[in-house]
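Letters go in sequence order (proteins before strands), and every chain restarts at 1.
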Number of protein chains: 2
Amino acid sequence: MQRVTIAQVSERAGVSTATVSRVLSGKGPVSAAVERRVRRAAEELGYQVNPIARALRNSRTDTVGMVVPSISNPFFTSLVESVEHVLEREGKELFLSDARSDPAIEARRLSSLAARNVDGIIVSPSHGTESGPAVQETADRLPLVQLDRFVGGTNTDWVGVDDVAAMRLVMDHLHEGGARSAAFIGSLMTNSSTEQRFAGFRRRAEELGMSVHPDQVFLGDYSVDWGETAAARLVNAGNMPDAIVCADDLIALGVTRACRAHGIAVPDQVQVTGYDNIEFSRLGEPALTTVDQPRDRIAEEAVRLLAAASRAGDTDRGPSARIALVPTLVVRDSTRAGAARRPGR
Amino acid sequence: MQRVTIAQVSERAGVSTATVSRVLSGKGPVSAAVERRVRRAAEELGYQVNPIARALRNSRTDTVGMVVPSISNPFFTSLVESVEHVLEREGKELFLSDARSDPAIEARRLSSLAARNVDGIIVSPSHGTESGPAVQETADRLPLVQLDRFVGGTNTDWVGVDDVAAMRLVMDHLHEGGARSAAFIGSLMTNSSTEQRFAGFRRRAEELGMSVHPDQVFLGDYSVDWGETAAARLVNAGNMPDAIVCADDLIALGVTRACRAHGIAVPDQVQVTGYDNIEFSRLGEPALTTVDQPRDRIAEEAVRLLAAASRAGDTDRGPSARIALVPTLVVRDSTRAGAARRPGR
DNA sequence: AACTTCACTGCAATCGATTACACGAGGAGC
DNA sequence: GCTCCTCGTGTAATCGATTGCAGTGAAGTT
């Protein structure tokens, strides 16, 4: 299949390629008669610009790259969806890469996206420190925004939620439900999400006078399996806290599952909370109380920042923006106040 | 940030750009001394080829496009993951698009990918008929493989599983567990998955002498909500079948959830089966008996077909390949034979 | 000594779109 | 009638890598 080039259109319309380009891009003065002829010819031939040739000439691709730690984590896929919707409105396309939670793969993805001349990159860094060099290096080359997670040692824009504030909501809610002691289950402290959430958890627990036993902080990874494992350990240790606070919904789903298996009633014997409000969080047994992140807003801000950075060019790398949006608490049945408030389901 | 071009490398090495290109691509004869100099220069400058310039010249991008109906459906995301892994081995990159189950969006995605000169496209069509024109048109332009689902009126390669055989496994298993009547919950008959699965269901039910009440076939969409809704209708109608066969796991999760809400015991009062073996299927209450699709194999075959089509070029569009892989039944606790076989979890 | 042959290497065209610059025609101003 | 704009259009350079063709010199042949 031979593609239609601008030269063929120009020939058919009896003008030069320059004129065709001017008509189609709307720049430059063109007489009405010629404009009509060109549009006609382009229409008839079914002409489509070749984005590759254009990109070579303009070094703009109308493409944004996105790198997430794991595409199988529903939170990230819904974030990707939100970003895609926003980009579509701008007429840009999304190049998605999965880093498989490995900073080395992540670095390769980033450099490959940069080489492909994407106009900007949105990345949720896999690792709290090791992702640093690659992210910074990429950010030096082109507009880059970090999403949700944040990696140390970098100086780029960031959009996410205020994890500490979120944890305050969670802890206040648990406290209100009668909890006076709590355990925390998160991932190893290799990313900002867990760090921030744990910090917020710890601080508010202290302020509320809730006890946190040092043995009841479990760090593994963001997965259902890890939630089950950690909860099982908690059960076997025999000293159940009043509440289990999880760093994400997958972990929380594992926890409630383990509780069910061990005959521990949620929320009567132990309250459980998640984080992210993924689709499946409401399907747990019981449905999870969790923290909702305003994903659409996050996506919107991220795209806005990218666009701003593109316009600014390399000239003024001002101080980077850090936008923390406000999360909300979604109360369901895995916490006591929730169960009391909404009897039934 | 100024990018390093082949001209800068050639200058530093004191040779022409042609020679640099030959060294770096490994084609053409080059003396050992020059080769060393060039490699050194490239190394020192941190040269990276510009994929865009290369693509313009070669019309190859080492990029594959993939279009799925919904990125939030875990089945498709894990399929995407599998495809990505396979492509990585080939040194190709994946361009992922979400069609949001809308043939119009899908058509735009396809044409945009084609315009971007991807080397091939893997698509799981959103709609059983309406996706046809766009898919066929794209397939006429470049190598294309349909995955999992198949759209009528097209003549392209396809890789998926034998849905009819899968349903035979499901029905035999249910029958063995004592089921003598069954309901079916799927999506509207707008894609091959549901069609094939329903056909297999119906045929085997007949062969086994299981009754299928016409009112107990529910078609909506692939979602948990629809599963809940349909199951609720079944309950309210008051005439519960021995088994509920679902066209995918999301629906089945909705069904088991509705059963729980209505106090109907699974599998004692009604057996339930899913399809796809998504991660969450084992987390249902009870864990779902489902059909596992060999995703890695599917991905592998798809990439292999694409590569073959690329090599063949436009010259010989032979008859298209249709590769149906063999699915397996994963027995868990939502069916009686399963519960009996594996007491406990 | 004259002629091939072959291994290297460079020149320049090419992919397709964009755009700075140049040019010609027509109109305004004096 | 002459200069000076302005408008509309074409010419050609450009983006960066690849590659067909041709040229050079050295080695091998007769």
**Asked** Just checking, is any N or O donor in the side chain of B:Ser310 or B:Asp119 under 3.5 Å from an acceptor N or O on the other one?
**Response** no
Below 4.0 Å: OP1/OP2 of D:dT9 and any side-chain N or O of A:Ser16:
no
Among the nucleotides D:dC15, D:dG10, C:dG10, whichever has the atom closest to the side chain of A:Ala18 is D:dG10
note: B:Arg116, atom CZ; C:dA17, atom P; distance rounded to Å ~ 14 Å
note: A:Arg57, atom CZ; D:dA17, atom P; distance rounded to Å ~ 16 Å
Taken to the nearest whole Å, CG/A:Leu56 to P/C:dT14 is 17 Å
Per atom distances to the A:Val34 side chain, the nearest of C:dG10, D:dT9, C:dC8 is D:dT9
Using a heavy-atom cut-off of 4.0 Å across all strands, would you classify B:Val20 as base, sugar-phosphate, or nothing? nothing
One should read off an interatomic distance between B:Leu110 CG and B:Thr138 OG1, to the nearest 0.5 angstrom, of 4.0 Å
Could you go through the side-chain contact (heavy atoms from CB on, under 4.5 Å) check for B:Glu93 and B:Leu87 one step at a time?
CA-CA 7 Å; B:Glu93 215 126 347; B:Leu87 284 177; over 6 Å; no
Winner on side-chain proximity to B:Val15, out of C:dT18, C:dG10, C:dG16, is C:dG10
ask   = Looking only at side-chain N and O atoms, does A:Tyr47 come under 4.0 Å of OP1 or OP2 in C:dG16?
value = no
Whole-Å distance, A:Asn58 CG to C:dA20 P, equals 11 Å
For a quick test of reading the model: is some side-chain N or O of A:Arg22 closer than 4.0 Å to OP1 or OP2 of D:dG8? no
*Specify whether B:Phe95 and A:Phe95 have parallel, tilted or perpendicular ring planes, treating 30° as the upper limit for parallel and 60° as the lower limit for perpendicular.*
parallel
A:Leu24 atom CG is separated from D:dT9 atom C1', nearest whole Å, by 16 Å
In whole angstroms, the gap separating P of C:dA17 from NZ of A:Lys27 amounts to 15 Å
Whole-Å distance, B:Glu11 CD to D:dG16 P, equals 14 Å
To the nearest angstrom, the CZ-C1' distance between B:Arg54 and C:dT14 comes to 16 Å
Closest to the 5' end of DNA chain C, once B:Ser31 and A:Ile6 are matched to their nearest nucleotides, is B:Ser31
query: Is it true that atom CZ of B:Arg297 has more than 12 heavy atoms of other residues, nucleotides or ligands lying nearer than 6.0 Å?
result: no
Q) Is any side-chain nitrogen or oxygen of B:Ser21 closer than 4.0 Å to OP1 or OP2 of D:dA17? A) no
